[in-house]
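Heads up, the thing below is written out as structure tokens.
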Number of protein chains: 2
Amino acid sequence: MINDTTTDVAPELACPITPVVDVVFSRWTTPILWVLNEYGRHRFVELERRITTITPKVLTERLRRLERDGLVVRTYHPEVPPRVEYEISDLGRSLAPLFAALSEWSVNLDKVEQARLDYDTRDHHPSRRTSL
Amino acid sequence: MINDTTTDVAPELACPITPVVDVVFSRWTTPILWVLNEYGRHRFVELERRITTITPKVLTERLRRLERDGLVVRTYHPEVPPRVEYEISDLGRSLAPLFAALSEWSVNLDKVEQARLDYDTRDHHPSRRTSL
DNA sequence: CGGTATCCAAAGGGATACTG
DNA sequence: CAGTATCCCTTTGGATACCG
């Protein structure tokens, strides 16, 4: 079983967006949705080649999950050799503004980077403080 | 080491928003950011109590990471007993529209739920197909 | 109060090989 | 081609106890 519908765990007690995050932003799902949304229908191997580092096992798992959640549509063509096509659903497409917003926020990534540098420069180990 | 700045791994080859997702939507960070954004400054125990199921260990880890990434500001008051306050930074606050968009998309969660029911109703085990 | 330290179980996910 | 099946390793995170 990939998603258990019955067990909603706790973080959303304090935060209403946690359930959405769980559906959309689990690992590997963003690249898959992004690709299908930007470049249209893909066969299994095409996805494999585009998302170069994903293994077939994991790709299958994520696609099943996205299909089950209604974000992706899988079409099986019973030919020889078999042909399967994946495309984004209307529901999946409704995430586009969200993705756009995330994409825009990316300009702030260098601030994050800078913050990390600053943080790592400062001393956070009490035992090693040099100043008094 | 919590975040390794040097190793950017692969999914973003196919998807420009993966780095943002990694920064903002790792587990437990959304509840924390949400709470700090909605309800203002919090002390450590206050966060613990609001996000009921988080353990102090994990809360510490997430807060350090958020601080390092510049999304949260930690202020230490050297009193007895010690007092520490966490608040969201300007950079963190700039995520608000994103959070709002996610919150709006939540209305689609019942479609996801329905899709799951449909999927689980259909038969996906070839060996057990009942139709011909 | 605001954390650390330690231990450990479960889950995620990679590598590899195989199949209808 | 489009996956499965296995194995196994690493990481995440929960439980618990303790400390300045």
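Computed from a prediction, not measured in an experiment: that's the story for all the values here. Order of the sequence lines sets the chain letters (A, B, ...), proteins ahead of strands, with each chain counted from 1.
Atom CD of B:E79 is separated from atom P of C:dG2 by 10 Å (rounded to the nearest Å). Rounded to whole Å, atom C1' of D:dT11 lies 11 Å from atom CD of B:E61. Across the protein-nucleic acid pair, A:H77 atom NE2 and D:dA2 atom C1' stand 13 Å apart, rounded to whole Å. For the pair B:E67 CD and C:dG2 P, the computed distance is 14 Å after rounding to whole Å. For B:I51 and C:dG2, the CD1 to C1' distance is 15 Å, given to the nearest whole Å. In this structure, A:L59 places its CG atom 10 Å from C1' of D:dA2, rounding to the nearest Å. Counting to the nearest Å, the P atom of D:dC1 and the NE2 atom of A:H42 are 15 Å from each other. Across the protein-nucleic acid pair, B:D22 atom CG and D:dT12 atom C1' stand 15 Å apart, rounded to whole Å.
In this structure, A:E85 pairs ionically with A:R83, as a charged nitrogen and a carboxylate oxygen lie closer than 4.0 Å.
One distance of note links CD1 of B:I51 with CZ of B:R62; it measures 11.5 Å at 0.5 Å rounding. Distance check, rounded to the nearest 0.5 Å: CG of B:N37 to OG1 of B:T30 gives 12.5 Å.
Listed nucleotides C:dG13, C:dG2, D:dG3 differ in distance to A:V58; the shortest reach to its side chain belongs to C:dG13. Closest to the side chain of A:R27, out of D:dA2, C:dG14, D:dT4, is C:dG14. Set against D:dA2, D:dG14, C:dT4, the side chain of A:R43 has D:dA2 as its closest nucleotide. For B:F44, whose side chain is taken as the heavy atoms from C-beta onward, the closest listed nucleotide among C:dG3, D:dT4, C:dC1 is C:dG3. You'll find that the side chain of A:R74 is closest to D:dA2, out of D:dA2, C:dG14, C:dC1.
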Report summary line: With sugar-phosphate taken as primed atoms, P, OP1 and OP2 and all else as base, the protein-contact string of nucleotides 15-20 of chain D at under 4.0 Å (heavy atoms; B, S, -) is B----B
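Using bins of under 30°, 30° to 60° and over 60° for the plane-to-plane angle, the ring pair B:F44/B:Y86 lands in the tilted bin.
Residues B:L71 and B:V23 meet the side-chain proximity criterion, which asks for heavy atoms closer than 4.5 Å.
Tested against B:D118, the residues B:R122, B:Q114, B:R116 include a single side-chain hydrogen bond (donor to acceptor under 3.5 Å, both in side chains) partner, B:Q114.
A side-chain donor-acceptor contact under 3.5 Å links B:E46 to the backbone of B:R43.
Residue A:Y86 places no side-chain N or O under 4.0 Å from the OP1 or OP2 atom of D:dC1. Distances shown here put a side-chain N or O of A:R64 below 4.0 Å from the OP1 or OP2 atom of D:dT4.
With the nearest nucleotide of DNA chain C identified for both A:S26 and B:V84, B:V84 has the one nearer the 5' end.
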